[in-house]
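All residue numbers refer to positions in the sequence shown, counting from 1. Both counts, for ligands and for their atoms, begin at 1 and track the order of listing. The basis for the numbers below is simple: all heavy atoms, side chains too, and nothing from hydrogens, waters or symmetry mates.
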Amino acid sequence: MTNSPHNESQTEDLMQSLNQLTLADLPSDIDIPNYDRSKLKAGIVHIGVGGFHRAHQAMYINELLKSPGSEQWAICGIGLLENNRSLRDTLVKQDYLYSLVVRHPNGQIDNKVIGSMIDFIFAPDNKQSVIDKLADSNTKIVSLTITEGGYNLNPTTGELDLENPGIAHDIAHPDEPKTAFGYIAAALKIRKENNNQAFTVQSCDNIQHNGAVTRKMLLTFTAQQDPELSAWIAQHVAFPNAMVDRITPVTTKVEIDYVATTYGLKDEWPITCESFSQWVIEDNFSDGRPNWDLAGAQFVCDVTPFEKMKIRLLNAGHSVLGLLGAIHGYATIDETVSNQDFAVFLRAYMDLEVTPLLDQLDGIDIEQYKDTLIERFSNPNIKDSLARICSESSAKLPKFLIATITENLAEKRDCSLAALVIATWCLYSDKQVNQAQEALDIQDAMRDELHRYAQNTATDKLAFLKLNIIFDDLIAHPAFSQLYLNAINLLYVPASNIKNIMKNTLEQKLHKVAAETK
Ligand code: CS2
């Protein structure tokens, strides 16, 4: 989330702000930082301080700081984007404190204030101070939540998109970076020149092998800028892979009002999240790490099966509900999944098109994991908007859903449910309205391009699949293009009904499966 949810009412205007001094005024049942924040050092510099970071990594550090021994692992946030300005202003005003409202499915609420962030640098005003901060030897870890799109990975080639304007700019202007890779490279260059230890680069985004992908992108980037630096990074920088998980909806006025009433203080940017949280991390760091396991994270040698399970079930599950639910006219995930037709379709997608591709995991029961996902999606106290879920689908779907289609096709397995979701994405991008003809809130860097391709469906039913930066050569798979065509034929009938189409598609799939297993 980058745009401020702030919208002051008169009552809030008269209220005192949440900050270090007013912490003491909070009701006693609110969990506040009980540690001396003036003794903390920012061993972690985090790029991309969205809601997810504040509900997840910053929360884990906050829990660790409650016991002595982790004082060097506080966080300095970095905002790279112009629209992080209001976030910076809010955090500075609040001494980097913010409230975290943890909402359980049964209605229980844990009210917290998180104190693990102790500084924030807004890059557009202070490029050099960002580079200096990253280069400072107290910085041991540079962590990232820059969204799936922030890696500039061309999904069809798996390579860094060197034509991306930000990347091209940073390769040509190493001292004037704009992107996360540009800043990291500039700081690592200083470390190399000063013979200093390298920091760890830790991705916290929903990308399979997020550490390996970050490494590959950064090495390709620096190879263009400075091959010697690239070789040094390859040798000295650790890029742990990790699976991160906590559903964190966009902050709305409802949460600001809730905090004002419950805390009695004004927090301009509280965060709400579900009670579930998971972080599985490969124990591979260049210069030390916090004992995150003491706060509930898990260190493993190989995170691959965990991340595949999470991205292909949870994130893809979100996209399935998001696109189908948006066309139906729903606004949130809990609303969508509480309708049985959507819940049944989602479960069938998970069982029949994803589970066969997943590895067995010691200690994890995949059936139970899926049950828990449906419960988490159904949490009536988490109003996770479909607009958030469907945002940047062009960067998400190749990793969340299209990878599953490709693997199923390679194994000659049916993927008619996924084909319906892709066809629904075409309708969504083409018409940009739901079944009731109400405008959809579409936030996607490729929105116009998606629209252009989808619009040609009227004359060429497979037109959307020709957007090969997203779909690669999916169109060349006759089995897939036939399923997609069937779905388009159903969806593009005037006054078509998504629920009926889902039901028919699922029924036919179940017949097929039954016939195959006879
Ligand atoms: C969501 C994720 O953005 C999305 O599409 O699926 O943000 C999801 O809520 C988180 O990964 C949960 O850990």
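- The aromatic rings of Phe52 and His56 sit parallel, their planes meeting at an angle under 30°, below the 60° perpendicular limit.
- Nearest non-hydrogen protein atom to atom 13 (O) of ligand 1 is Asp245 OD1, 2.6 Å.
- Under 4.0 angstrom from ligand 1, the non-hydrogen atoms of Asn206 all belong to its side chain.
- Of the charged side-chain nitrogens involved, none lies within less than 4.0 Å of a carboxylate oxygen, so that Glu255 and Lys383 do not count as a salt-bridged pair.
- In this structure, Lys370 pairs ionically with Asp351, as a charged nitrogen and a carboxylate oxygen lie closer than 4.0 Å.
- Atoms CG and CG, from Asp334 and Asn339 in turn, are 12.0 Å apart once rounded to the nearest 0.5 Å.
- Any N or O atom pair closer than 3.5 Å counts here, and Arg246 shares at least one such pair with ligand 1.
- Checking Ile442, Leu440, Leu323, Leu321 one by one against Cys390, the side chain to side chain contact (heavy atoms under 4.5 Å, CB included) holds for a single residue, Leu323.
- With a heavy-atom cut-off of 4.0 Å, Arg388 touches ligand 1 through its side chain alone.
- With salt bridges taken as basic N to acidic carboxylate O contacts below 4.0 Å, none links Glu148 and Lys399.
- Distance from atom 6 (O) of ligand 1 to its nearest protein heavy atom, with residue and atom name: His318 ND1, 2.7 Å.
- Residue, atom and distance of the protein heavy atom nearest to atom 4 (C) of ligand 1 are Lys396 NZ, 3.3 Å.
- The protein heavy-atom contact nearest to atom 2 (C) of ligand 1 is Asn315 ND2, 3.4 Å.
- Residue contact check for ligand 1: Lys310 places a non-hydrogen atom closer than 4.0 Å to it.
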